[in-house]
Amino acid sequence: MEAEDEQSNAMMDEIYSNGCEETARSRPIISGEQLDIEAYASLYQGRTKITRLLFIADHCDNVSMRLEALRMAYDEIKKGENTQLLREVVQKIDGRLGPNYAMDAAWCESVDRRAEQRKEKLENELNAYRTNLIKESIRMGYNDFGDFYYAHGALGDAFKSYVRTRDYCTTSKHIIHMCMSAILVSIEMGQFTHVTSYVSKAEQTPEALEPATVAKLRCAAGLAHLEAKKYKLAARKFLEVGPDLLNSYNEVIAPQDVATYGGLCALASFDRAELKSKVIDNVSFRNFLELVPEVRELINDFYSSHYASCLDYLGNLKANLLLDIHLHDHVEILYDQIRNKALIQYTHPFVSVDLNMMANAFKTTVAGIQKELEALITDNQIQARIDSHNKILYARHADQRNATFQRVLQTGNEFDQDVRAMLLRTNLLKHDYNQRNSRKL
Amino acid sequence: MQSVENLVTQIQGLSSSASDISVLHNILKAADDSLRSESPRLLPSLDQLDPSKHSLGYLYFLEPCVYGTITKERANTLVPIIARFITSCVAEQIRLAPEKFITVCRRFKEQVMLLEVPIRGVGPLLTAIHKIQASTEHLTALHPEFLQLCLSSKCYKTGLSVLEDDIYEVNQPRDFFLYCYYGGMIFIGQKRFQKALELLHNVVTAPMPTINAIACEAYKKYILVSLIHHGQFSTNLPKYTSSAAQRNLKNFCQSYIELANSYNTGKVAELETYVRVNMEKFESDNNLGLVKQVISSMYKRNIQRLTQTYLTLSLQDIANTVQLNSPKEAEMHVLQMIQDGQIYATINQKDGMVRFLEDPEQYKTCEMIEHIDSSIQRIMALSKKLTAMDELLSCDHLYLAKAGRERQRFDFDDFDTVPQKFNI
């Protein structure tokens, strides 16, 4: 299965070495370029931009792309205050980008010094607030601490500080703010159980939430489900994301990502009816899909049963999806599921299917498709049998009557056996008990 | 103290009516010790008694003779005498002294084993079982002895006649264990694996205070047979299995459990290597034959799986997927399986294709209806039995006493946990 994917992938790569899903907004599918890192990075801001760039640098095979990613990460870090991250990046660059991207000890020192001073100041302020017992000020104090830690890359401490503000929240707005901060930090930390719990906390607030906030929460929940491999739930959450998201949450996720994640998860887990009603006819999600035409096209192709072109699109996207920080671990599983779904859907309406045609439709060999079908039949996902002589797949209709008879007889036999064994055991127990008793007497 | 001659005349006189026989029984009981001391003189006087009339007396005279170590010559003279007695004795009379009868039969078995002619004992012991059995539901001490003889003389079919009766009443757990173990082996010999599994399962799950060797051996065979028959084995024993068995059986049968694990991987080569490495172990357990059957059952299992996925498949492909060396070998396997009714298929030798068919059974024939009907009758009878058993148990004194005691203690404990201040 995977081999198939890779094979077709490699083949496709020769033809057009893929367009990338996020930057392809204005670009035709057939583009000779690889992932345009600059365009990709411009979709995000804040810490996630850096981590995404570093992720690409770690997972890309192409040296020039790696260096490009590292260069941009370096520039981005310089804008911030995270000296630890800078040290790591410099180590990774290893002098390959010339003297401009070497370790900047002076910068680090000045940033650290300033951080030290700021921390002292914040501590003093917070202590003052706490002695005065002004709730709002204490909350602000903790919040500032959270922001400070976050900026300096101490995510654990940042999370703690944000959570501490909870006791001093007076309005639901404050609670939302606390939750959003906690969610942001947890996503950065990869602690997706925290994400789920804070999302539900935020949704429980009595006041009506702003549409943008709702959209953000949906995204966070979707990510958490995706990470937990609950693709169906993830798909639902991403599909519910409202159009108000825009670029407001790009410290975590870009609207293009919503389309990609949601689209792929939906393909892998929804049935046809659900796909139609929740994805294709979903007006607000269509806006997201417009941002990533490939995903839109492949979903439409899948729905209209143009599996070859659908799989083409998937093959094109794969290399770039593998560079995505959230999707990376799930690409293979999702692809497998989508392919299996396609195979099942393809065979479903027919009484008999010519394997040659099917192999054509799925761009693979007859032997390959036979293997895949065999696995699916063994797994009881397709009720059919293969005529390997004539290369035809025949649907199999289970005879309910015969099956019932068979089951009845089997159940009867089992009952018979169980009861007899039980009676025997009872007698043995009784005997044993009697014997022990008679010995006692 | 009566002399032997005196006793003989009494036996001759008091063997006709039921009341006479009970008088005679008392006399014989009293004379039992003296008879034992005079055992060498008893054998000649047996000629004066007719086993078909004076069965009880004959038994009392015969029993002392079979004690002690017995040489081959003596066994040669004794075996025909006992065999004649068993076949012609009267059931009512010998049931008055079942222990003596069982001892005689046991010694008889030992003697035929000593003479290395177990087949001579099969017939008489079967008659003996029928004579001493109160009903076909009772397990006697002779059952395991008989089955053992059947096994050593390979008369499996004769053994089946006893095994086909359902047993419910058991006096000695040891008899039961042996009965099920030997019975399982006989069914294995007949390749009726389902029944064999059932009997072996009974041994393994029987209530036992401590683990015993019979259960261990039975468990080993149980693992192998369930691999052959079901193609799988799970180490989880049912809940009702005694804790002793649950705790210890696995430790004693480690190499068999590993065999099952390597079977579950579905790779023939792996299984074969494992068997080769542990050949000696299996051989010393006398299970090598079964282990070999396990290996060949794996091929069958894999072929059977193919019938689920394929309608037609070339012999070459079968050989490849099932890891057989040549299409010819695959053909032999498929042919064998078709003959055994394990798969439904036709082989086309011209182009080397196998066509798998569906199960032709339509559940429409008279035989099938009769079969179903008899199953229903059987199950109805069984559930009646179950209800009767339940009623019997709920009236059982010992059970009630125990249940009542437990209940009381429970109440008392309940009472005790109530804080003191609530006590009046």
Side-chain angles (χ1 to χ4, degrees), chain A residues 352 367 370-371 373-380 382-399 401-438 440-441, chain B residues 137 139 166-173 176 180 194-195 197-198 201-202 205-209 238 240 242 305-314 317 321 348 351 353-356 358-359 361-364 368 371-372 375-376 378-379 382-383 385-386 389-390 392-393 396 398-399 401-402:
Chain A
S352 60
Q370 193 169 317
K371 272 262 141 48
L373 285 172
E374 193 191 311
L376 285 170
I377 297 172
T378 320
D379 230 23
N380 212 10
I382 298 181
Q383 278 73 39
R385 296 212 292 180
I386 304 166
D387 181 343
S388 83
H389 182 55
N390 302 315
K391 301 295 176 202
I392 295 176
L393 180 82
Y394 287 103
R396 182 185 207 179
H397 296 288
D399 189 331
R401 184 174 172 277
N402 284 3
T404 311
F405 268 103
Q406 222 167 2
R407 226 181 30 242
V408 165
L409 283 174
Q410 201 191 337
T411 316
N413 274 341
E414 275 166 19
F415 177 79
D416 182 2
Q417 230 180 78
D418 285 352
V419 170
R420 271 186 295 133
M422 200 161 70
L423 286 173
L424 256 176
R425 279 198 308 276
T426 322
N427 269 328
L428 278 172
L429 278 177
K430 205 165 95 183
H431 168 85
D432 185 47
Y433 190 71
N434 282 344
Q435 210 179 33
R436 212 181 309 155
N437 248 48
S438 60
K440 236 184 267 172
L441 289 175
Chain B
E137 292 185 359
L139 183 77
D166 293 330
I167 294 291
Y168 297 110
E169 300 291 329
V170 180
N171 293 330
Q172 276 296 328
F176 171 74
C180 286
Q194 181 60 46
K195 288 293 275 180
L197 264 186
E198 194 188 323
H201 184 82
N202 281 348
T205 58
M208 51 182 122
Y240 46 74
S242 64
R305 201 169 296 142
L306 290 178
T307 68
Q308 298 300 314
T309 21
Y310 286 100
L311 215 54
T312 59
L313 197 61
S314 69
D317 281 344
T321 32
N348 185 344
D351 46 12
M353 294 301 280
V354 180
R355 190 172 178 79
F356 297 119
E358 293 278 341
D359 185 350
E361 177 63 68
Q362 289 294 309
Y363 300 95
K364 281 175 183 161
M368 186 43 77
H371 173 65
I372 292 173
S375 298
I376 293 175
R378 196 177 149 76
I379 284 174
L382 258 181
S383 34
K385 205 177 197 53
L386 197 63
M389 178 78 139
D390 185 44
L392 205 72
L393 254 187
D396 191 288
L398 286 169
Y399 168 74
K402 190 169 162 57

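Labels below follow one simple rule: chain letters A, B, ... track the order of the sequence lines, proteins then strands, and each chain is numbered from 1.
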| request: With a 4.5 angstrom heavy-atom cut-off, could you sort out which part of B:Phe176 is near chain A: side chain, backbone, both or neither? | output: side chain
| Are any of the side-chain heavy atoms of B:Glu361 and A:Gln406 separated by less than 4.5 Å? | no
| request: Look only at the side chain of A:Asn427 and the backbone of B:Tyr168, and say whether a donor-acceptor pair between them is shorter than 3.5 Å. | output: yes
| request: Measure from the side-chain N and O atoms of B:Thr309 to the backbone N and O of A:Arg385, and report whether any donor-acceptor pair falls under 3.5 Å. | output: no
| said: Is A:Leu423 in contact with chain B via its backbone, its side chain, both, or neither, using a 4.5 Å heavy-atom distance? | reply: both
| query | Heavy-atom distance under 4.5 Å between the side chains of B:Tyr310 and A:Glu374, does that happen here? | reply | yes
| field | Non-hydrogen atoms of B:Ser314 and A:Ser388 that approach each other most closely | value | N-OG, 4.0 Å
| What's the verdict on side chain to side chain contact (heavy atoms under 4.5 Å, CB included) for B:Glu198 and A:Asn413, showing C-alpha distance, side-chain angles and the deciding distance? | CA-CA 11 Å; B:Glu198 194 188 323; A:Asn413 274 341; over 6 Å; no
| query | What part of B:Leu393 gets closer than 4.5 Å to chain A, counting heavy atoms only: side chain, backbone, both or neither? | reply | side chain
| How about A:Asn390 and B:Met353: do any of their side-chain heavy atoms sit closer than 4.5 Å? | no
| Are B:Val170 and A:Leu424 close enough that some pair of their side-chain heavy atoms sits under 4.5 Å apart? | yes
| Under 4.5 Å between any side-chain heavy atoms of A:Ile377 and B:Gln308, yes or no? | no
| Heavy-atom distance under 4.5 Å between the side chains of A:His389 and B:Leu311, does that happen here? | no
| note | So CD of A:Gln417 and NZ of B:Lys195: to nearest 0.5 Å the spacing works out to 7.5 Å
| remark: If you tally heavy-atom pairs under 4.5 Å between each of B:Glu169, B:Arg305, B:Glu358, B:Lys385 and chain A, the highest tally belongs to B:Glu358
| request: Find the distance between NZ (B:Lys364) and CZ (A:Phe405) and round it off to the nearest 0.5 Å. | output: 10.0 Å
| query | Does NZ or CZ of A:Arg425 lie under 6.0 Å from the centre of the six-membered ring of B:Tyr240, at an angle within 45° of the ring axis? | reply | yes
| field | Under 4.5 Å from any heavy atom of chain A - which part of B:His371 | value | side chain
| field | Interchain contact, B:Met208 with chain A, by part (heavy-atom threshold 4.5 Å) | value | neither
| Would B:Leu386 and A:Met422 satisfy side chain to side chain contact (heavy atoms under 4.5 Å, CB included), going step by step from the backbone distance to the final call? | CA-CA 9 Å; B:Leu386 197 63; A:Met422 200 161 70; 3.7 Å; yes
| message | Main chain of B:Tyr363, side chain of A:Arg401: is a donor-acceptor contact present, judged purely on distance under 3.5 Å? | response | yes
